[in-house]
Amino acid sequence: MRLALMSDIHGNTVALDACLEDVEQQGGVDHYWFLGDLVALGHDPLGVLERISSLPGAVFVRGNTDRYVVTGDRPPPWIDDAVARPQLVPQIAEVAGSFAWTAGALHVAGWTGWLAALPTEVRMTLPDGTRLLGVHAAPGSDDGPGINDQDSDDELAARLAGCEADVVFAGHTHWPVDRTVGTTRAVNLGSLSNPNSRDVRASYVIVEGDSAGHTIRHVRVDYDHDAVIAALEAQRHPGAPWLVAKQRG
């Protein structure tokens with residue numbers, strides 16, 4: 001059994017296509033897990049949904065930015081913060097414009113209901129009996145600190161408490177992590193797009209298992225960052241300044 005796990009695509013079909021091609025070059029997989037933040041804020045949210053929804057054996061989890069697109073919620077800073085700090089106004093306007101752009105594209109194409117119906121977790125038991133849980137940030141939450149390498153073992157253990165899984169997979173922080181606390185292994189996939197590090201390659205995870213055991217490994221894939229930047233600039237995308245900076249590391 002082979003499983004590919006990806007998260008934080010953020011509307012970037014260039015990164016997604018490179019990773020899907022990499023999976024096929026490695027012999028393909030039986031299942032795909034896409035763990036949220038699928039569409040906002042990138043240049044091609046519709047292309048992302050069309051590709052991943054057509055993959056056999058694919059399941060999906062809602063991320064915090066997927067929720068923002070559907071509900072109108074927004075990440076900080078908020079308008080009230082700008083009262084005390086007027087210099088935040090351009091940032092707030094850029095974020096609002098980016099989410100509105102994505103929400104409008106999905107609404108016109110009829111994808112809003114699909115995104116709204118996504119679950120907050122996915123589970124699987126491997127042939128060797130290992131219980132897997134996939135979430136966006138942490139069990140029971142699509143936001144917050146998630147699985148990271150900064151918190152203490154006690155802090156992470158508290159975040160994973162009651163998860164009823166042997167391995168928990170998440171994304172959200174855009175930083176690959178593999179830690180074990182107590183009896184639970186916590187794996188952050190990293191991100192396909194907008195990494196929080198100088199390594200701008202896409203990051204995803206492959207799980208391989210049979211009745212004798214399993215392996216979990218991170219995979220890094222380079223892709224055409226100039227193509228992403230060109231698409232954002234051609235669209236005059238409202239979030240282009242921040243997204244271009246991420247593409248350039």
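The distance from atom CG of Leu160 to atom CZ of Arg185, rounded to the nearest 0.5 Å, is 13.5 Å. In this structure, CG in Leu243 is found 11.0 Å from CD in Glu233, a value given to the nearest 0.5 Å. Separating the CG atom in Leu106 from the CH2 atom in Trp111 is a distance of 9.0 Å, to the nearest 0.5 Å. Atom CG of Asp17 sits about 10.0 Å away from atom CG of Leu192, to the nearest 0.5 Å. The structure places CZ of Arg62 at 8.0 Å from CG of Leu118, a figure rounded to the nearest 0.5 Å. Rounded to the nearest 0.5 Å, atoms CG (Leu16) and CG (Asp44) are 9.5 Å apart.
Note on Val221: it clusters hydrophobically with Leu55, by side-chain heavy-atom contacts below 4.5 Å among ILVMFWY residues.
Looking at heavy atoms from C-beta onward, Leu133 lies in side-chain contact with Pro139 at the 4.5 angstrom threshold. Side-chain contact between Val39 and Leu46 is absent, with no heavy atoms from C-beta onward closer than 4.5 Å. Between Asp8 and Asn194 the shortest side-chain heavy-atom distance does not fall below 4.5 Å.
Evaluation of the ring pair (Phe, Tyr, Trp, His ring centres under 6.0 Å) rule for Phe99 yields Tyr68 as partners, not counting sequence neighbours. Legend: residues meeting side-chain hydrogen bond (donor to acceptor under 3.5 Å, both in side chains) with Arg198, ordered by chain and number and at least two apart, are absent. Every ring pair (Phe, Tyr, Trp, His ring centres under 6.0 Å) that Phe34 has, sequence neighbours left out, goes to Tyr32, Phe60. In this structure Asp128 satisfies the side-chain hydrogen bond (donor to acceptor under 3.5 Å, both in side chains) test together with Thr130, His214, sequence neighbours excluded. Looking at residues two or more places apart in sequence or on another chain, you find no side-chain hydrogen bond (donor to acceptor under 3.5 Å, both in side chains) involving Asp149. Partners of Gln25 by side-chain hydrogen bond (donor to acceptor under 3.5 Å, both in side chains), not counting sequence neighbours, listed by chain and number: Glu21. By the side-chain contact (heavy atoms from CB on, under 4.5 Å) test, Ser7 pairs with Leu35, Leu189, sequence neighbours left out. Not a single ring pair (Phe, Tyr, Trp, His ring centres under 6.0 Å) links His31 to another residue, sequence neighbours left out.
Remark: the backbone N or O of Gly63 is paired with a side-chain donor or acceptor of Asp66 at under 3.5 angstrom. In terms of modelled atom types and a separation under 3.5 Å, the side chain of Asn64 and the main chain of Asp143 share no donor-acceptor contact. A donor-acceptor pair is defined here as one N or O able to donate and one able to accept, closer than 3.5 Å; such a pair exists between the side chain of Asp81 and the backbone of Trp78. In terms of modelled atom types and a separation under 3.5 Å, the side chain of Ser54 and the main chain of Arg51 share a donor-acceptor contact. Without hydrogens or angle criteria, Asp151 side chain to Asn148 main chain gives no donor-acceptor distance under 3.5 Å. When atom types are taken as modelled, the side chain of Glu155 and the backbone of Ser152 share a donor-acceptor pair closer than 3.5 angstrom. Within the 3.5 Å criterion, the main-chain N or O of Val200 finds no donor-acceptor partner in the side chain of Arg220. The closest donor-acceptor contact from the side chain of Arg131 to the backbone of Val168 lies at 3.5 Å or more, if one exists at all. Using modelled atom types, one side-chain atom of Asp210 and one backbone atom of Gly213 make a donor-acceptor pair closer than 3.5 Å.
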Original post:
Can you check side chain to side chain contact (heavy atoms under 4.5 Å, CB included) on Thr120 and Asp142, steps first, answer last?
Top reply: CA-CA 7 Å; Thr120 56; Asp142 67 8; 5.9 Å; no

**OP:** Could you walk me through whether His225 and Arg248 pass side chain to side chain contact (heavy atoms under 4.5 Å, CB included), step by step?
**Re:** CA-CA 8 Å; His225 301 279; Arg248 290 176 173 158; over 6 Å; no

**OP:** Take Thr173 and Asn188 through the test side-chain hydrogen bond (donor to acceptor under 3.5 Å, both in side chains) and record every step on the way to the result.
**Re:** CA-CA 8 Å; Thr173 69; Asn188 192 310; 2.8 Å; yes

**OP:** In sequence, state the C-alpha distance, the side-chain angles, and the governing distance for Val205 and Trp33, and then conclude on side chain to side chain contact (heavy atoms under 4.5 Å, CB included).
**Re:** CA-CA 10 Å; Val205 163; Trp33 282 10; over 6 Å; no

**OP:** List the steps, then state whether side chain to side chain contact (heavy atoms under 4.5 Å, CB included) holds for Thr215 with Val207.
**Re:** CA-CA 6 Å; Thr215 60; Val207 177; over 6 Å; no

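Asn12 and Ser193 share a side-chain donor-acceptor pair at under 3.5 Å. When only modelled atom types and interatomic distance are considered, Thr65 and Asp37 share a side-chain donor-acceptor pair under 3.5 Å. In this structure, a donor-acceptor pair under 3.5 Å is present between the side chains of Asp73 and Thr71.
The list of ring-ring contact (aromatic ring centres under 6.0 Å, His included) pairs with a residue in residues 118-149, not counting sequence neighbours, reads His136-His172. Judged as a ring-ring contact (aromatic ring centres under 6.0 Å, His included), not a single pair has a partner in residues 179-204 (not counting sequence neighbours).
The shortest heavy-atom contact between Ala18 and Tyr223 is CB-CB, 3.8 Å. The shortest heavy-atom contact between Met6 and Cys19 is CE-CB, 3.8 Å.
For Arg217, the CZ atom counts as densely surrounded, since its 6.0 Å shell holds more than 12 non-hydrogen atoms of other residues, nucleotides or ligands.
Using a 4.0 Å cut-off between charged side-chain N and carboxylate O, Arg2 and Asp30 make no salt bridge.
Under the 4.5 angstrom side-chain criterion for Ile, Leu, Val, Met, Phe, Trp and Tyr, Val108 has no cluster partners at all.
Ring-centre distance between His43 and His10: not below the 6.0 Å cut-off.
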Could you pull out all donor-acceptor pairs under 3.5 Å where a side-chain atom in residues 89-98 meets a protein atom, sequence neighbours excluded?
residue: Glu94; atom: OE2; partner: Trp242; partner atom: N; Å: 3.3
residue: Ser98; atom: OG; partner: Glu94; partner atom: O; Å: 3.0
residue: Ser98; atom: OG; partner: Gly239; partner atom: N; Å: 3.1

